[in-house]
Amino acid sequence: MTSGVVALVVVTLLFWFYRTQTTWLESKPYQRSSNDPARTLVVVYSRTGNTLGVAKEVANYFDADLVQIEAPQYSRDLKGQQLASKHADEEVTTTPIKHEPVDLDQYHLVFLCSPTWWFRPAPPLWSFVENHDFSNKRVFLIMTGNSRMKEERTGKFGVLVEEKNGDFLGMLFIRRGRVFWQKTPDQVNKDVFVELREREAMWQMSGR
Ligand SMILES: Cc1cc2nc3c(=O)[nH]c(=O)nc-3n(C[C@H](O)[C@H](O)[C@H](O)COP(=O)(O)O)c2cc1C
């Protein structure tokens with residue numbers, strides 16, 4: 001009897017985990033509030049929608065342009081999940097990506113938003129950085145994740161940004177929580193808002 005209950009709990013958890021990794025989470029469409037040329041750009045890769053929701057919150061806060069990266073090889077099925085896992089584990093940085101053309105010249109501040117895959121940003125964001133020059137840009141990384149990131153793996157991303165001439169401001173990890181203990185998108189957005197307000201004040205004080 002007890003082993004039956006344990007098996008049921010395990011199967012339920014596995015099913016729920018699979019669903020969260022393969023189902024797209026919708027968020028409200030984003031539109032800039034002004035018509036002036038944007039000074040801030042938000043670039044996002046999102047496999048299941050959570051990071052896109054966060055990126056829209058950031059874009060809203062800074063009245064930024066938003067560019068979404070597509071990487072269909074990491075499809076929302078078991079095959080895509082396995083490839084995502086393999087590439088992240090092998091610390092792959094170069095992978096095919098698609099997005100609308102970006103001219104970075106007009107932007108002073110660039111947010112790069114990514115899910116966390118094996119404790120580091122997902123490969124599509126590394127590829128975006130490899131493909132661009134960030135001279136005269138301040139760059140900030142935002143990662144969403146269920147549990148944690150690792151400094152030694154994610155730190156290499158900041159090094160890459162600096163190799164591509166960017167002024168790397170650091171990173172923010174948004175912990176959404178696991179399985180049944182996940183924050184709602186509204187709670188996540190509130191966390192993002194508070195963090196951005198603090199960062200913005202800090203950057204203004206330090207003149208960055
Ligand atoms: C292959 C793979 C590896 C993951 N590794 C981590 C991890 O190391 N740490 C973590 O907190 N979350 C990890 N996650 C969970 C995602 O980072 C998390 O669900 C994220 O918010 C999903 O963002 P998205 O909906 O924008 O794709 C992993 C997910 C996948 C698919």
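Side chains included, hydrogens not; waters and symmetry mates left out as well; all remaining heavy atoms used. Indexing begins at 1, ligand by ligand and atom by atom, following the structure's order. Counting begins at 1 with the first residue of the sequence. Model, not experiment: these values are computed from the prediction.
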Donor-acceptor pair, distance only, cut-off 3.5 Å: does the side chain of [X] make one with the backbone of [Y]?
X	Y	result
Arg76	Arg47	yes
Gln68	Val44	no
Thr40	Asp63	no
Ser85	Gln81	no

Can you pull out the closest protein heavy atom to [atom]? Residue, atom name and distance to 0.1 Å, please.
atom	result
atom 19 (O) of ligand 1	Arg176 NH2, 2.9 Å
atom 31 (C) of ligand 1	Gln21 OE1, 3.3 Å
atom 24 (P) of ligand 1	Thr48 OG1, 3.3 Å
atom 12 (N) of ligand 1	Asn146 N, 3.1 Å
atom 20 (C) of ligand 1	Thr144 OG1, 3.3 Å
atom 22 (C) of ligand 1	Pro115 CB, 3.8 Å

Quick one: sort the Phe193 and Tyr61 rings into parallel, tilted or perpendicular, breaks at 30° and 60°.
-> perpendicular
For the residue pair Tyr74 and Trp117, does the interplanar ring angle fall in the parallel (under 30°), tilted (30 to 60°) or perpendicular (over 60°) class?
-> perpendicular
Quick one: are [X] and [Y] in side-chain contact, heavy atoms under 4.5 Å?
X	Y	value
Val42	Cys113	yes
Leu169	Leu109	yes
Phe128	Val102	yes

Could you list the atoms of ligand 1 found under 4.0 angstrom from a heavy atom of [X]?
X	result
Ser85	1 (C)
Gly49	24 (P), 25 (O), 26 (O)
Phe173	11 (O)
Ser147	9 (N), 10 (C), 11 (O)
Arg47	24 (P), 26 (O), 27 (O), 31 (C)
Trp118	3 (C), 4 (C), 5 (N), 6 (C), 7 (C), 8 (O)
Gln81	31 (C)

Could you name the option among Trp117, Tyr74, Phe119 that has the heavy atom nearest to atom 2 (C) of ligand 1?
-> Trp117
Going by heavy-atom distance to atom 6 (C) of ligand 1, choose the closest among Leu52, Thr116, Thr51, Leu83.
-> Thr116
Taking all atoms of both residues into account, what is the closest heavy-atom pair of Val54 and Asn189, and its distance?
-> CA-OD1, 4.3 Å
Taking the six-membered ring for Trp, are the ring centroids of Phe62 and Phe111 within less than 6.0 Å of each other?
-> yes
Backbone or side chain, does any N or O of Ser46 fall under 3.5 Å from an N or O of ligand 1?
-> yes
For ligand 1, is there an atom lying under 4.0 Å from some heavy atom of Ala88?
-> no
Part of Arg148 with heavy atoms under 4.0 Å of ligand 1, whether side chain, backbone, both or neither = backbone
